[in-house]
Amino acid sequence: MTLGFEWGEEMRITIGQLMKMKREGEKICMLTAYDYPTARFVDDAGVPLILVGDSLGMVLLGYESTIPVTMEEMIHHTRAVSRGTRNALVVGDMPFMTYHTSIEDALRNAARFLQDGGAQAVKLEGGETVAEKVRHIVASGIPVMGHLGYTPQSTYQLGGPRAVGKSTESARQLLRDARALDEAGVFSIVLELVPAPLAKLVTGKVSVPTIGIGAGRDCDGQVQVINDLLGLSADFVPKHARQYARLADIIRSAIAEYKSEVTAGNFPAPEHSPTMDEGILAEL
Ligand code: KIV
């Protein structure tokens with residue numbers, strides 16, 4: 001990527017650079033991170049966009065959906081991720097009902113991601129229905145990423161994770177939503193569980209990068225939940241994900257080995273505790 005700076009210098013990716021990547025056909029890689037050490041790994045790897053997704057409700061906090069996730073939880077994790085990054089642009093995911101009730105609420109909560117969380121942008125779900133809020137947030141100087149297709153905060157309305165845009169009416173609505181977000185000033189749009197040909201069409205129709213998750217290769221970029229990619233969510237691999245590692249197996253076997261060494265009295269070894277002058281011991 002032509003960044004205009006060396007990766008590792010204290011310089012952040014800008015939304016202008018992401019727009020340039022779209023224009024030049026350079027694929028944009030985005031990953032979620034929820035804590036400091038993971039953010040460091042992702043940033044060091046040169047991933048330009050890090051999403052502190054409200055998926056943390058499920059993959060970190062054990063909730064059934066993203067609905068219970070609070071602003072406080074999101075800010076706490078966003079702050080940790082921001083501390084772990086130098087170059088990536090950090091996007092904080094606005095939780096359920098923090099941008100729906102009023103423009104004032106949307107502005108106040110979006111601002112907290114930058115002021116308290118150290119993020120550079122926010123993401124929110126929805127199209128035409130949230131466009132007005134998006135316009136106000138953008139006008140206040142906060143970059144906004146949109147999110148269309150399957151929108152997890154509407155999971156109870158949608159009936160769980162499912163493809164969006166398979167019928168003529170729903171495909172037309174997706175296009176209208178994407179145009180509304182584009183016009184409202186978003187700097188990119190996540191497309192989740194959208195048929196690949198429709199995602200390709202949307203990508204050609206909007207001026208900003210589309211970032212796909214289960215939406216085919218023709219989006220301008222891709223995003224994955226890092227726990228899926230690393231094989232941390234042991235029992236479940238979503239259809240849109242590819243496991244690049246199986247860390248759950250490694251973690252299980254490391255814990256089992258530790259437990260068996262402690263039980264057998266083989267851990268700790270002498271080198272795991274401080275030494276002491278034997279003379280002092282004799283004086284006690
Ligand atoms: O919360 C999240 O991680 C997301 C991605 C799946 C795009 O919204």
Side-chain angles (χ1 to χ4, degrees), residues 18 27-35 38-39 42 47-71 73-78 80-81 88-99 109-110 113 117 119 121-127 130 134 143-156 158 160-165 174 177-178 181 186-194 199 202-203 208-216 219-230 232-233 236-243:
L18 298 170
K27 292 286 184 191
I28 301 168
C29 181
M30 171 159 143
L31 250 184
T32 68
Y34 313 108
D35 58 39
T38 312
V42 178
V47 172
L49 269 174
I50 297 184
L51 172 67
V52 188
D54 62 354
S55 50
L56 67 80
M58 277 115 84
V59 301
L60 280 200
L61 304 178
Y63 299 147
E64 183 185 283
S65 72
T66 59
I67 308 290
V69 176
T70 64
M71 271 303 290
E73 286 164 342
M74 288 307 301
I75 296 296
H76 175 79
H77 288 277
T78 304
V81 168
L89 188 131
V90 176
V91 183
D93 211 359
M94 296 189 70
F96 181 62
M97 277 300 144
T98 60
Y99 51 96
N109 288 321
F113 276 94
V122 296
K123 175 169 87 59
L124 49 81
E125 298 181 5
V130 295
V134 170
V144 177
M145 175 180 275
H147 185 158
L148 296 174
Y150 173 65
T151 44
Q153 290 173 10
S154 308
T155 191
Y156 296 133
L158 297 170
R162 60 192 56 223
V164 172
L174 190 89
D177 285 334
L181 289 178
V186 295
F187 72 93
S188 68
I189 303 172
V190 169
L191 296 176
E192 181 163 356
L193 303 187
V194 172
V202 172
T203 300
V208 295
T210 57
I211 310 285
I213 173 163
C219 294
D220 297 303
Q222 297 293 325
V223 58
Q224 287 287 302
V225 169
I226 193 156
N227 295 52
D228 296 336
L229 175 143
L230 296 179
L232 274 166
S233 314
F236 174 65
V237 188
K239 187 166 172 265
H240 58 68
R242 180 179 288 166
Q243 278 190 341

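Just so it is clear, the model here is predicted, and its values are computed rather than measured. Keep in mind that the numbers below use all heavy atoms, side chains included, and drop hydrogens, waters and symmetry copies. As the structure lists them, so they are numbered: ligands from 1, and atoms in each ligand from 1.
With Y34 as the partner, the side-chain contact (heavy atoms from CB on, under 4.5 Å) test is satisfied by one option alone out of L51, V225, I50, T78: V225. D93 pairs with exactly one of H77, K123, H147 by the side-chain hydrogen bond (donor to acceptor under 3.5 Å, both in side chains) rule, that one being K123.
Contact between Q224 and I213 at its shortest, heavy atoms only, is NE2-CG1, 4.0 Å. When all heavy atoms of K27 and C219 are compared, the closest pair comes out as NZ-O, 2.7 Å.
Inspection of the Q153 and D54 side chains reveals an N or O donor paired with an N or O acceptor under 3.5 Å.
With sequence neighbours excluded, the residues that form a side-chain contact (heavy atoms from CB on, under 4.5 Å) with P143 are I15, A121, F187.
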Polar pairs, ligand 1 vs protein, N/O only, below 3.5 Å.
unit_1, atom_1, unit_2, atom_2, d
ligand 1, 1 (O), D54, N, 3.2
ligand 1, 1 (O), D54, OD1, 3.1
ligand 1, 1 (O), S55, N, 3.0
ligand 1, 1 (O), S55, OG, 3.3
ligand 1, 1 (O), D93, OD2, 3.1
ligand 1, 3 (O), S55, OG, 2.5
ligand 1, 8 (O), K123, NZ, 3.0

